[in-house]
Student: 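Can you read through this structure? Questions will come right after.
Computation of the quantities below employed the complete heavy-atom set of this structure, encompassing side-chain atoms and omitting hydrogens, waters and symmetry-equivalent molecules.
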Amino acid sequence: MPTILGQNQYGKAENRVVKITRDGATHHIKDLNVSVALSGDMDEVHYSGSNANVLPTDTTKNTVYAFAKEHGIESAEQFGIHLARHFVTSQEPIHRARIRIEEYAWERIETSDANSKFIGADEVKHSFVRKGQETRLTQITYDGESWEVISGLKDLVVMNSTNSEFWGYVKDKYTTLPEAYDRILATQVAGRWRFHWSDDEQKMPNWEKSYEQVKKHMLQAFAETYSLSLQQTLYQMGARIINNRSEIDEVRFSLPNKHHFLVDLEPFGLKNDNEVYFAADRPYGLIEATILRDGCEARIPVDLTNL
């Protein structure tokens, strides 16, 4: 049977770029992992091997590093917008660019008051320690007319040591899980949120402020929700973001339930009064859902956050 070419894209994945901004003695770091995917008039390279419309992936890599110098890195989102606009507008065969970025955060190392007598400097502003809380994410897609910006994070581990229950669930002959009226609730958050900014006529969000505020509302909702299920907590986290951040239309979470089981200490003559737990890394419950602003359509792919 004859065959035809379906969806296709190409580019350079995982370009690691670190940009140091030197403001006198004070330095600032942006540490990104940038993946570029381009699509458009690429049928012939697949059918005949003609590279006439192909911008080499090595060129896309070089562009990432050159743009870090030419434009700087104000935010992951802004850097991705610069790249996407460039590839679509500078190369006629390219109709769509998707830029995915992971950002690794660093924080300044606090030095002792007496550091000058050891190293000969009045104040150290160029030493950093890598933050371990989460990895910031963004995906920029541009087709020459409209933008789609989906940002987020992964590997943010959170825990409530109380104010969580799980009971009243369906039971059958295979059910062995006891009902819990005071349990640990812990998860490793993978989240994405979609901005309603979609064209150059709209006012662009403040990407840095938005990220910090979204994370703040997410964590506050997790901490302040008396949870009867992880699903309930997930919904409250998403709803808090939608209700407080007007630039966000859609939020999707993937929350693995990081189970903590009480250890049986009775064989040792000890009573375990919700104090000693075994932390199991797998298997785990995986809770996923999308929360939308009323009247908006879901556009975040369901497989962007899940297994």
Side-chain angles (χ1 to χ4, degrees), residues 14-34 64-65 67-82 100-138 151-163 184-193 204-225 233 237 240-241 244-245 247-248 253 255-256 258 260 275 277 279 281:
E14 300 202 52
N15 299 279
R16 291 286 280 106
V17 55
V18 176
K19 175 66 166 64
I20 306 296
T21 301
R22 290 174 167 82
D23 182 13
T26 302
H27 295 181
H28 307 274
I29 294 179
K30 282 292 187 178
D31 185 352
L32 307 182
N33 189 22
V34 182
V64 170
Y65 294 116
F67 271 39
K69 169 62 176 177
E70 294 177 11
H71 299 281
I73 302 177
E74 177 184 323
S75 66
E77 288 84 357
Q78 188 64 63
F79 190 62
I81 288 169
H82 283 311
R100 284 182 174 172
I101 300 176
E102 296 181 346
E103 179 176 347
Y104 311 115
W106 295 78
E107 60 185 353
R108 207 173 300 281
I109 295 175
E110 301 229 355
T111 54
S112 64
D113 293 337
N115 73 82
S116 59
K117 69 179 182 181
F118 295 110
I119 61 175
D122 293 333
E123 192 173 1
V124 176
K125 296 182 180 180
H126 58 260
S127 298
F128 302 85
V129 59
R130 172 83 170 263
K131 283 186 178 180
Q133 282 194 317
E134 84 272 2
T135 299
R136 180 173 169 178
L137 308 167
T138 194
S151 293
L153 54 79
K154 66 178 181 178
D155 300 330
L156 180 66
V157 180
V158 293
M159 174 191 287
N160 283 330
S161 57
T162 190
N163 284 2
I184 286 178
L185 181 67
T187 187
Q188 183 170 307
V189 180
R192 301 290 192 281
W193 46 90
M204 191 178 295
N206 183 323
W207 306 112
E208 297 292 277
K209 178 181 179 182
S210 180
Y211 179 82
E212 293 302 323
Q213 289 295 308
V214 167
K215 181 181 172 184
K216 180 191 77 171
H217 290 300
M218 176 196 313
L219 292 177
Q220 287 178 346
F222 179 83
E224 295 169 7
T225 300
T233 299
M237 291 165 65
R240 183 80 68 96
I241 293 169
N244 285 278
R245 301 306 304 174
E247 73 273 23
I248 307 293
F253 285 121
L255 303 183
K258 300 180 74 67
H260 290 70
E275 295 170 293
Y277 295 83
D281 63 345

Student: About how many Å separate CH2 of Trp207 and CD1 of Ile81, when rounded to the nearest 0.5 Å?
Tutor: 4.5 Å
Student: Ignoring hydrogens and angles, tell me if any N or O in the side chain of Ser161 forms a donor-acceptor pair with the backbone of Ile184 under 3.5 Å.
Tutor: no
Student: Would you say Asn244 and Lys216 make side-chain contact, with heavy atoms under 4.5 Å?
Tutor: no
Student: Would you indicate whether Glu208, at its atom CD, is surrounded by more than 12 heavy atoms from other residues, nucleotides or ligands within a distance under 6.0 Å?
Tutor: yes
Student: Would you mind reporting whether Gln78 and His71 have side-chain heavy atoms less than 4.5 Å apart?
Tutor: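 Heavy-atom side-chain distance check fails, nothing below 4.5 Å.
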Student: When rounded to the nearest 0.5 angstrom, what distance separates CD in Gln213 from CG in Asn206?
Tutor: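 Output value for this atom pair is 10.0 Å.
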Student: Checking the side chain of Arg100 only, and the main-chain atoms of Val34 only, is there a donor and an acceptor separated by less than 3.5 Å?
Tutor: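 A pair under 3.5 Å: no.
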Student: Return the minimal non-hydrogen interatomic distance between Ala223 and Asn160, and the atom names on each side.
Tutor: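 What the structure gives for the nearest pair is CA-OD1, 4.0 Å.
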Student: Is any side-chain heavy atom of Leu137 less than 4.5 Å from a side-chain heavy atom of Ser151?
Tutor: no
Student: Testing the basics here: between His260 and Lys258, what is the closest heavy-atom pair and its distance to 0.1 Å?
Tutor: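 So the two residues come closest at ND1-O, 2.8 Å.
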Student: Rounded at 0.5 Å granularity, tell me how far NZ in Lys19 sits from CG in Asp31.
Tutor: 13.0 Å
Student: Look up atom NZ in Lys154 and atom CD in Glu102, then write down how far apart they are to the nearest 0.5 Å.
Tutor: 4.0 Å
Student: Could you check if a side-chain atom of Phe222 sits within less than 4.5 angstrom of a side-chain atom of Leu185, using non-hydrogen atoms only?
Tutor: yes
Student: Can you name the nearest heavy-atom pair linking Trp193 to Met218, along with the distance?
Tutor: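 Smallest interatomic distance, heavy atoms only, reads CZ3-CE, 3.7 Å.
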Student: Would you indicate whether the side-chain heavy atoms of Asn33 and Ile101 approach each other to under 4.5 Å?
Tutor: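 No, side chains not in contact.
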Student: Check Val189, Leu153, Val158 against Glu134 for a side chain to side chain contact (heavy atoms under 4.5 Å, CB included) and give me the one that passes.
Tutor: Leu153
Student: Under 4.5 Å between any side-chain heavy atoms of Gln133 and Lys215, yes or no?
Tutor: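 Result yes, sub-4.5 Å side-chain heavy-atom pair found.
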Student: To the nearest 0.5 Å, how far apart are CD in Glu70 and NE2 in His82?
Tutor: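 Going from the CD atom of Glu70 to the NE2 atom of His82 covers 10.5 Å.
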Student: Going by heavy atoms in the side chains, are Arg240 and Glu224 under 4.5 Å from each other?
Tutor: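 With C-beta onward as the side chain, the pair touches.
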Student: Is the shortest heavy-atom distance from the side chain of Ile73 to the side chain of Glu103 under 4.5 Å?
Tutor: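 Ile73 vs Glu103: side chains apart.
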Student: Do you know the tightest heavy-atom contact between Glu247 and Ser210?
Tutor: OE2-OG, 2.6 Å
Student: Whether Glu77 and Arg136 form a salt bridge (side-chain N of Lys/Arg under 4.0 Å from carboxylate O of Asp/Glu) is what I want to check.
Tutor: yes
Student: When rounded to the nearest 0.5 angstrom, what distance separates CG in Leu219 from CG in Leu156?
Tutor: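 The CG atom of Leu219 sits 5.5 Å away from the CG atom of Leu156.
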Student: Determine yes or no for a side-chain-to-main-chain donor-acceptor pair under 3.5 angstrom, with Tyr104 supplying the side chain and Lys30 the backbone.
Tutor: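 Not at all, since once roles are kept as given, no pair shorter than 3.5 Å links the two residues.
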Student: Give me the atom names and distance for the closest heavy-atom approach of Val17 to Ala68.
Tutor: CG2-CB, 3.9 Å
Student: Of the non-hydrogen atoms in Leu32 and Ala76, which two are nearest, and what is the gap between them?
Tutor: CD2-CB, 4.5 Å
